[in-house]
Amino acid sequence: MMPCVITQMRQWGVALAALWAGCATASGVEVILTGGVALKSWEILRGPAKHDNWWANFVRASTVRMEIARRENPGVRFVWIVYRPAYIARGREDGKDYVGMIRDLARKYAAKLVFVDTSAQACSAINNAPSGADRISTFYYFGHSNAHAFMLDYSNTIIGSSKQWIHEDELGARLRRAAFAPNAKCFSYGCYTGMSMSAKWKQALGVPMLGNTASTRYQPVGEGRMPVGAGRWQQ
């Protein structure tokens with residue numbers, strides 16, 4: 001075999017080895033976005049429509065998901081984004097340090113905890129969750145929502161209303177499509193997002209998001225199970 005051919009084959013081998021090494025070292029990250037809890041004193045006034053009897057519905061749902069993911073993949077890496085102001089306010093109301101408890105849970109589950117105070121910060125945290133060649137391989141949202149938006153704040157600043165949200169029509173402008181792996185799996189455990197926001201999510205970010213067409217029930221998380229939807233799950 002001629003020397004130039006041998007040299008070229010060696011170069012190809014080095015290039016393929018480098019490409020394989022890059023593929024082998026690049027990995028995904030699971031992002032969990034946890035919305036805020038309502039104030040109990042306001043929710044009591046809403047009668048049958050009240051939410052959040054337990055402060056930790058969304059927090060416990062997040063750790064249930066971490067437990068499941070860790071069993072499936074012991075090496076999984078979590079970026080846990082939590083809307084902080086609601087837990088400060090509810091903690092003040094209940095006389096508990098919920099922010100400190102969340103920090104302890106993050107340490108327990110070896111999650112990178114990112115507290116955010118606004119929806120803009122939440123979007124920035126999602127965009128910056130990957131590093132290097134990493135991409136977001138899995139995304140979960142636990143919190144209040146309607147058909148068109150994640151409501152990070154709900155009935156905490158204003159009774160029955162939200163002051164911090166991520167709306168479906170803003171997704172393309174606020175979230176980086178390149179932050180998500182092409183085959184990323186995304187799930188919303190907010191109420192009604194399967195009616196509209198799921199479709200807008202795929203349109204904006206190029207990956208589907210499974211959402212429910214009706215309310216999401218968080219009672220099962222107290223038994224270590226994922227929340228359940230009252231309607232259909234659809235993308």
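For Arg232, the CZ atom sits in a loose shell: 12 or fewer heavy atoms of surrounding residues, nucleotides or ligands are nearer than 6.0 Å. In this structure, Met195 places its CE atom where only 12 or fewer heavy-atom neighbours from other residues, nucleotides or ligands lie under 6.0 Å away.
Scored by the side chain to side chain donor-acceptor pair (under 3.5 Å) test, Thr216 finds no partners at all (sequence neighbours excluded).
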* Does the pair Val59 and Ile102 meet the rule for a side chain to side chain contact (heavy atoms under 4.5 Å, CB included), with working shown? -> CA-CA 8 Å; Val59 170; Ile102 292 169; 4.0 Å; yes
* To do: Step by step, work out the side chain to side chain contact (heavy atoms under 4.5 Å, CB included) result for Gln121 and Tyr83.
  => CA-CA 9 Å; Gln121 291 177 3; Tyr83 179 71; over 6 Å; no
* **Criterion side chain to side chain contact (heavy atoms under 4.5 Å, CB included) on Tyr87 and Val82, from CA distance to verdict** => CA-CA 9 Å; Tyr87 294 97; Val82 181; 3.9 Å; yes
* List the steps, then state whether salt bridge (Lys or Arg N to Asp or Glu O under 4.0 Å) holds for Lys200 with Asp169. => CA-CA 7 Å; Lys200 291 290 188 74; Asp169 290 338; 2.8 Å; yes
* To do: Show the numbers, then the answer: is there a side chain to side chain contact (heavy atoms under 4.5 Å, CB included) between Val31 and Thr138?
  => CA-CA 6 Å; Val31 172; Thr138 316; over 6 Å; no
* Can Arg225 and Glu67 be said to form a salt bridge (Lys or Arg N to Asp or Glu O under 4.0 Å), step by step? -> CA-CA 10 Å; Arg225 296 183 288 116; Glu67 290 168 0; over 6 Å; no
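Of the candidates Val116, Thr118, Asp117, Thr157, Asp117 is the only one forming a side chain to side chain contact (heavy atoms under 4.5 Å, CB included) with Pro85. With Glu30 as reference, Arg65 is the one residue of Arg77, Arg70, Arg65 to meet the salt bridge (Lys or Arg N to Asp or Glu O under 4.0 Å) rule. Partner Tyr189 forms a ring pair (Phe, Tyr, Trp, His ring centres under 6.0 Å) with one of Trp233, Phe58, Tyr141 and no other, that one being Trp233.
Checking side-chain atoms of Ser145 against main-chain N and O of Phe150 turns up no donor-acceptor pair under 3.5 Å. In terms of modelled atom types and a separation under 3.5 Å, the side chain of Asn212 and the main chain of Cys191 share no donor-acceptor contact. In this structure a side-chain-to-backbone donor-acceptor pair under 3.5 Å is present from Thr63 to Arg60. Between the side chain of Arg84 and the backbone N or O of Val99, no donor-acceptor pair lies under 3.5 Å. A donor-acceptor distance shorter than 3.5 angstrom exists from the side chain of Ser198 to the backbone of Met209, with no hydrogens or angles considered. With hydrogens and angles disregarded, no donor-acceptor distance shorter than 3.5 Å links the side chain of Gln235 to the backbone of Pro208. In this structure, Arg135 contributes its side chain and Gly28 its backbone to no donor-acceptor pair below 3.5 Å.
For the residue pair Ser62 and Thr34, a side-chain donor N or O sits within less than 3.5 Å of a side-chain acceptor on the partner. A donor and an acceptor atom, one from each side chain of Glu93 and Ser41, are located under 3.5 Å apart. Judged by distance alone, the side chains of Ser124 and Arg174 never bring a donor and an acceptor atom under 3.5 Å apart. Counted by atom type alone, Ser196 and Glu168 present one or more donor-acceptor pairs between their side chains at under 3.5 Å. Between the side chains of Asp52 and His144, a donor-acceptor pair is found at a separation under 3.5 Å.
Taking CD1 from Ile136 and CZ from Arg176, the interatomic distance works out to 8.0 Å, rounded to the nearest 0.5 Å.
Residues Phe139 and Tyr109 do not share a hydrophobic cluster, defined by chaining ILVMFWY side chains whose heavy atoms lie under 4.5 Å apart. Two different hydrophobic clusters hold Ile166 and Trp80 under the rule that ILVMFWY side chains link at heavy-atom gaps under 4.5 Å. Tyr218 and Met151 fall into different hydrophobic clusters, where Ile, Leu, Val, Met, Phe, Trp and Tyr residues are linked whenever their side-chain heavy atoms come under 4.5 Å apart, directly or through other members. Clustering ILVMFWY residues whenever any of their side-chain heavy atoms sit less than 4.5 angstrom apart, transitively, puts Phe115 in a cluster other than the one holding Leu152. Leu175 and Phe142 are members of different hydrophobic clusters when ILVMFWY side chains are connected at heavy-atom separations under 4.5 Å.
Residues Gly231 and Ala214 approach most closely at N-CB, 3.5 Å, considering heavy atoms. Minimum heavy-atom separation, Gly172 to Ala204: N-CB, 3.7 Å. When all heavy atoms of Asn156 and Ala38 are compared, the pair lying nearest together is ND2-C, 4.1 Å. Closest heavy-atom contact between Val207 and Trp201: O-CD1, 3.2 Å. Thr193 and Ser188 make their closest contact through OG1-OG, 2.8 Å (heavy atoms, listed as atom of the first residue, atom of the second, distance). Here the closest non-hydrogen pair linking Thr213 and Tyr192 is O-CD2, 3.4 Å.
Aromatic ring centroids of Trp55 and Tyr98 lie under 6.0 Å apart. Side-chain rings of Trp42 and Tyr154 stay apart, their centers remaining 6.0 Å or farther from each other.
Under a 4.0 Å N-O distance rule, the pair Asp94/Arg90 qualifies as a salt bridge. Of the charged side-chain nitrogens involved, none lies within less than 4.0 Å of a carboxylate oxygen, so that Lys163 and Asp153 do not count as a salt-bridged pair.
Aromatic ring pairs are classed by plane angle as parallel below 30°, tilted from 30° to 60° and perpendicular above 60°; the pair His148 and His167 is parallel.
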